[in-house]
Amino acid sequence: QVQLVESGGGSVQAGGSLRLSCAASGYSVRTFCMGWFRQAPGKEREEVARLFLDGTTTYADSGRGRFTISRDNAKNTLYLQMNNLKPEDTAMYYCAAAAASGGRICLEYTGWGQGTQVTVSS
């Protein structure tokens with residue numbers, strides 16, 4: 001059975017950095033669209049970053065310039081580098097996988113991790 005396990009969350013002060021990891025098993029991250037999502041209490045789930053099959057990336061406005069999504073194919077692990085964190089970044093962060101149809105076409109996300117909590121204090 002496919003599995004995604006996030007780690008690297010924690011509590012940091014505003015301006016600090018965290019690197020979230022998503023270890024995948026059962027399939028290779030290089031053959032799927034991969035994304036990072038976050039959800040804060042009382043808010044809708046938000047896609048933070050996406051990594052397409054061809055290696056290109058997209059970011060939500062909220063994280064553009066501060067967040068970087070990447071993968072390590074040898075370790076079969078997805079990462080989200082988060083710099084200059086702000087209190088509004090506080091949320092549960094999830095990684096997800098979607099089948100790809102072509103280099104920049106992602107189908108519905110169907111694989112999800114359990115989440116890792118990020119808390120940013122002012």
Side-chain angles (χ1 to χ4, degrees):
Q1 187 175 56
V2 299
Q3 187 175 24
L4 300 173
V5 180
E6 301 97 333
S7 62
S11 181
V12 299
Q13 289 186 305
S17 298
L18 286 173
R19 188 180 73 162
L20 307 183
S21 298
C22 174
S25 61
Y27 60 94
S28 298
V29 295
R30 65 180 297 173
T31 62
F32 287 82
C33 292
M34 302 296 299
W36 283 98
F37 292 76
R38 68 185 184 187
Q39 188 167 27
K43 294 186 176 181
E44 295 294 320
R45 184 180 61 195
E46 174 190 24
E47 185 172 7
V48 175
R50 180 180 296 195
L51 177 61
F52 292 91
L53 195 65
D54 65 0
T56 59
T57 59
T58 60
Y59 298 92
D61 290 342
S62 58
R64 187 173 295 109
R66 301 185 298 119
F67 295 177
T68 303
I69 187 172
S70 63
R71 66 188 177 214
D72 186 326
N73 294 330
K75 297 180 179 179
N76 204 32
T77 299
L78 181 76
Y79 300 99
L80 182 68
Q81 179 67 45
M82 310 168 68
N83 297 326
N84 192 24
L85 285 162
K86 304 175 180 179
E88 52 263 42
D89 295 320
T90 296
M92 185 74 76
Y93 283 72
Y94 303 87
C95 66
S101 179
R104 289 182 57 84
I105 303 296
C106 301
L107 305 181
E108 181 183 3
Y109 284 103
T110 57
W112 295 86
Q114 85 289 345
T116 185
Q117 178 68 40
V118 171
T119 302
V120 184
S121 301
S122 61

Item to check | Exceeds 12 heavy-atom contacts within 6.0 angstrom, atom CD1 of Ile105 | outcome: no
Checklist entry - Under 3.5 Å, side chain of Glu6 to main-chain N/O of Gly115, donor-acceptor pair present? => result yes
Next on the checklist: With rounding to the nearest 0.5 angstrom, report the CZ to CZ distance, Arg38 to Phe67.
Outcome noted: 5.0 Å
Next on the checklist: Is there a continuous path of hydrophobic side-chain contacts, each under 4.5 Å between heavy atoms, that joins Met92 to Leu18?
Outcome noted: no
Item to check | Cation-pi geometry met for Arg64 and Tyr59 (6.0 Å, 45°) | outcome: no
Checklist entry - Any link between Tyr109 and Trp36 through a network of hydrophobic side chains (Ile, Leu, Val, Met, Phe, Trp, Tyr) touching at under 4.5 Å? => result no
Checklist entry - Applying the 4.5 Å side-chain criterion to the ILVMFWY set and letting contacts propagate, would Leu80 and Leu53 be lumped into a single cluster? => result no
Next on the checklist: So, taking the atom named OH in Tyr94 and the one named CG in Leu20, what distance separates them when rounded to the nearest 0.5 Å?
Outcome noted: 12.5 Å
Checklist entry - With distance as the sole test, does Asn73 use its side chain to make a donor-acceptor pair with the main-chain N or O of Val29 at under 3.5 Å? => result no
Checklist entry - Are any side-chain N or O atoms of Asp72 and backbone N or O atoms of Thr77, one a donor and one an acceptor, separated by less than 3.5 Å? => result no
Checklist outcome for this item: So OG of Ser17 and CG of Leu85: to nearest 0.5 Å the spacing works out to 6.0 Å
Checklist entry - About how many Å separate CE of Met34 and OG of Ser70, when rounded to the nearest 0.5 Å? => result 11.5 Å
Checklist entry - Between Arg66 and Asp89, is any pair of side-chain heavy atoms under 4.5 Å apart? => result yes
Checklist entry - What are the two closest non-hydrogen atoms of Gln117 and Thr90, and how far apart are they? => result NE2-CG2, 4.1 Å
Item to check | Any side-chain heavy-atom pair of Arg104 and Asp54 under 4.5 Å | outcome: yes
Item to check | Carboxylate-amine/guanidinium contact Arg50 Glu47, below 4.0 Å | outcome: yes
Checklist entry - Rounded to the nearest 0.5 Å, how far does OG1 of Thr119 lie from CD of Gln13? => result 13.0 Å
Checklist entry - How many angstroms lie between atom CG of Leu4 and atom OH of Tyr27, to the nearest 0.5 angstrom? => result 3.0 Å
Item to check | Minimum heavy-atom distance Cys33-Ala99, with the two atoms named | outcome: SG-O, 4.4 Å
Checklist entry - Does Tyr79 share a hydrophobic cluster with Phe37, counting links as ILVMFWY side-chain heavy atoms below 4.5 Å and allowing steps through other members? => result no
Item to check | Pairs flagged by disulfide bond (SG atoms under 2.5 Å apart) wherever residues 41-92 is involved - sequence neighbours left out | outcome: none
Checklist entry - Under the 3.5 angstrom rule, does the side chain of Gln39 hit a backbone N or O of Ala91 as a donor-acceptor pair? => result no
